[in-house]
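Start at 1 with the first residue, then count along the sequence.
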Amino acid sequence: MLKGDIGAKRTWFYENGAFVAAALAAVLWHVVLSTNVGDDMVYFKTLLDGNSSLGEILAHRYETWSSRMVIEAVLIPLVHCPLLWKILDIVIFTSLPVLLCGLLGVTGCGRWFVTGLVLLYPFTDMASAGWIATTTNYLWPLWGVLVIGMVLKQLRCGRKVPVWEAAAALLACAYAGSQEQAAVLLLLLLGMEVLHYISENRMKQPLLYALCGIDIISLIYIFSCPGNAIRSAQEMAGRMPEFADFTFAEKLYMGLANVERIFIAELDPVYCVVAAVLVLLVYRKTGDYRKTLLAGIPALLLFGQAMVRVSHPSLKKVFVRPEQTTHWDWHALVTYMPLVFLVLSVWGILYALWQLADGAWKHYLWTAFLLAGGFAMGVVMGFSPTIYASANRPYLYLYFVLIYVCADAVWNMGGMKAVWKTGSADAAQSGSGAHSEGKMPVPEKLMFTVLGLLVLANILDVTRMCWLLGRIL
């Protein structure tokens with residue numbers, strides 16, 4: 001009986017220990033951080049005078065500043081209850097890997113991999129406009145998108161969605177649709193679902209159409225809001241007056257170059273892990289040097305960035321960090337190098353996914369469109385005068401698209417599901433040796449060790465920054 005209890009505890013920890021680790025990291029960060037920074041104080045003061053109701057404040061902001069009425073209806077009262085926000089935010093952050101694993105059907109040590117990718121996200125990006133203001137405007141809408149994804153998965157499987165889950169999905173759609181990037185991402189996801197049901201001749205999907213309706217109404221509301229235009233004009237005058245003279249090509253360049261700077265030039269850990277994992281998966285699946293080399297273009301470019309910084313600074317004009325607007329020189333070749341690196345990197349990722357899809361073109365197209373949508377949500381920031389003032393928080397959605405695509409590639413496309421459950425594929429077939437006992441092969445152990453060290457470093461760094469930001473800002 002005692003052995004059975006121990007075995008049950010080990011099984012539970014094997015399946016859910018990663019989520020416990022995510023919860024512990026979230027608790028640590030939220031205990032250390034201070035909410036008295038940034039826009040949190042601004043929203044707090046809006047209700048201190050006692051002369052305006054919440055409805056009047058929201059109506060005024062709609063006319064003069066923002067269309068995010070649903071989000072701000074939650075945000076403004078919540079700023080008065082920082083403890084409640086901390087509890088809710090811990091739950092939401094912890095549930096991100098849970099929802100991702102549920103969407104992809106990931107179990108066992110695959111959950112540790114997905115959770116590791118989530119814990120690599122630079123959570124301090126959520127402090128750039130105040131912790132409460134930024135998380136409710138970015139992180140919580142992302143959570144809403146994932147909740148809707150879980151409901152859509154049930155619909156695809158032909159299951160009946162309980163009333164409370166359908167209601168939760170509709171509320172999540174209203175909340176997420178209030179944020180511009182989340183609304184566009186939802187439109188892409190829901191549009192692909194509609195096309196799927198058209199191809200399957202399963203058109204009776206009332207819940208799906210209701211979600212589409214809410215999202216379309218949200219987008220119309222966003223585009224027709226007078227406050228958005230007023231805010232854009234004020235931000236342009238105060239932060240980037242030259243933005244009014246930029247051409248479409250210059251704005252596009254600004255968006256593309258900033259994506260390249262954040263993810264490639266600055267060697268972002270999430271992107272580095274994604275690039276490395278994809279090339280290893282292609283090699284493992286194909287064993288072909290040429291295919292592996294082409295899939296490894298993103299990793300090779302990252303290697304070039306790292307080597308130039310450390311060992312060959314004379315080549316820094318090739319692996320250049322994109323400058324901000326006033327430093328562009330359209331006659332210099334180095335100005336265009338970030339665009340070349342970004343295009344090659346995206347092509348390399350798409351090529352790797354094609355090799356891993358192994359002819360499953362519907363799965364590949366769905367993943368490719370999602371990836372394209374994620375990059376587009378990053379690039380579109382070039383058409384906003386607040387691209388640099390917003391720091392890195394608007395790229396949250398691209399981060400999690402990359403995490404989703406990488407996890408999908410590992411678990412469902414790369415064939416690692418069977419390997420991580422039973423050991424190496426060859427050992428599983430032969431039924432002999434250490435791998436037949438369910439032990440993970442050495443390469444996978446090394447990969448998890450490296451990922452664990454990166455995650456530990458990020459947790460410590462985020463903890464340090466959470467402590468410092470509350471005392472500096």
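Here the side chains of Asn458 and Leu119 are not in contact, with every heavy-atom distance at 4.5 Å or above. In this structure, Leu402 and Leu371 have side chains that are in contact, with non-hydrogen atoms separated by less than 4.5 Å. No side-chain heavy atom of Val380 sits under 4.5 Å from any side-chain heavy atom of Glu180. Taking 4.5 Å as the limit, some side-chain heavy atom of Asn258 sits within range of a side-chain heavy atom of Arg261. A 4.5 Å side-chain heavy-atom check between Glu235 and Phe243 finds every atom pair outside the cut-off. Within the 4.5 Å cutoff, the side chain of Leu211 has heavy atoms near those of the Leu152 side chain. With a 4.5 Å cut-off on side-chain heavy atoms, Leu58 and Tyr62 do not count as touching. In this structure the side chain of Thr94 never reaches within 4.5 angstrom of the side chain of Val27, judged on heavy atoms.
Looking at Gln181, its side chain does come within 3.5 Å of a backbone N or O of Met377 through a donor-acceptor pair. Of the possible polar contacts, none joining the Ser66 side chain to the Arg61 backbone as a donor-acceptor pair under 3.5 Å is found. Using a distance-only test at 3.5 Å, with no hydrogens or angles considered, no donor-acceptor pair links the side chain of Ser384 to the main chain of Met381. In this structure, the side chain of Lys153 engages the main chain of Gly102 through a donor-acceptor pair within 3.5 Å. Under a 3.5 Å cut-off, the side chain of Tyr138 and the backbone N or O of Gln179 do not form any donor-acceptor pair. Counting only distance, with no hydrogens or angles, the side chain of Glu165 and the backbone of Pro162 share no donor-acceptor pair below 3.5 Å. Side chain of Lys86 to main chain of Thr35: no donor-acceptor pair is present (N/O by atom type, distance under 3.5 Å, no hydrogens or angles). No side-chain donor-acceptor contact under 3.5 Å links Trp143 to the backbone of Ser95. With hydrogens and angles ignored, the 3.5 Å screen pairs a side-chain donor or acceptor of Tyr197 with a backbone N or O of Arg156. Checking side-chain atoms of Thr463 against main-chain N and O of Ile459 turns up a donor-acceptor pair under 3.5 Å.
Tyr271 has its ring centre no less than 6.0 Å from the ring centre of Tyr399. The aromatic ring centres of Trp112 and Phe448 sit 6.0 Å or more apart. Under the 6.0 Å cut-off for aromatic ring centres, Trp65 and His60 do not qualify, their centroids lying 6.0 Å or more apart.
Going from atom SG of Cys272 over to atom CD1 of Ile264 covers 9.5 Å, rounded to the nearest 0.5 Å. How far CG of Leu365 is from CG of Leu195: 11.0 Å, rounded to the nearest 0.5 Å. Rounding to the nearest 0.5 Å places CG of Asp408 at 13.5 Å from CD1 of Ile403. Once rounded to the nearest 0.5 Å, the distance linking OG of Ser390 with OH of Tyr395 reads 8.5 Å. Note that CE of Met192 is 10.0 Å distant from CG of Leu187, once rounded to the nearest 0.5 Å. Residue Ile222 holds its CD1 atom at 8.0 Å from CZ of Arg68, rounded to the nearest 0.5 Å.
Between Trp366 and Tyr404, the angle of the ring planes lies from 30° to 60°, which puts this pair in the tilted group.
Heavy-atom minimum distance, Val32 versus Cys466: CG1-C, 3.9 Å. Asp215 approaches Gly177 most closely through the heavy-atom pair OD1-CA, 4.2 Å.
Inspection of the Arg393 and Ser128 side chains reveals an N or O donor paired with an N or O acceptor under 3.5 Å. Side-chain contact check for Gln205 and Glu193: no donor-acceptor pair (N or O, by modelled atom type) lies under 3.5 Å. Under the 3.5 Å distance criterion, with hydrogens and angles disregarded, a donor-acceptor pair is assigned to the side chains of Gln355 and Tyr351.
Under the ring pair (Phe, Tyr, Trp, His ring centres under 6.0 Å) rule, Phe93 has a single partner from Phe123, Tyr121, Trp140, which is Phe123. Of the candidates Asp89, Leu84, Thr135, Leu78 forms a side-chain contact (heavy atoms from CB on, under 4.5 Å) with just one, namely Leu84.
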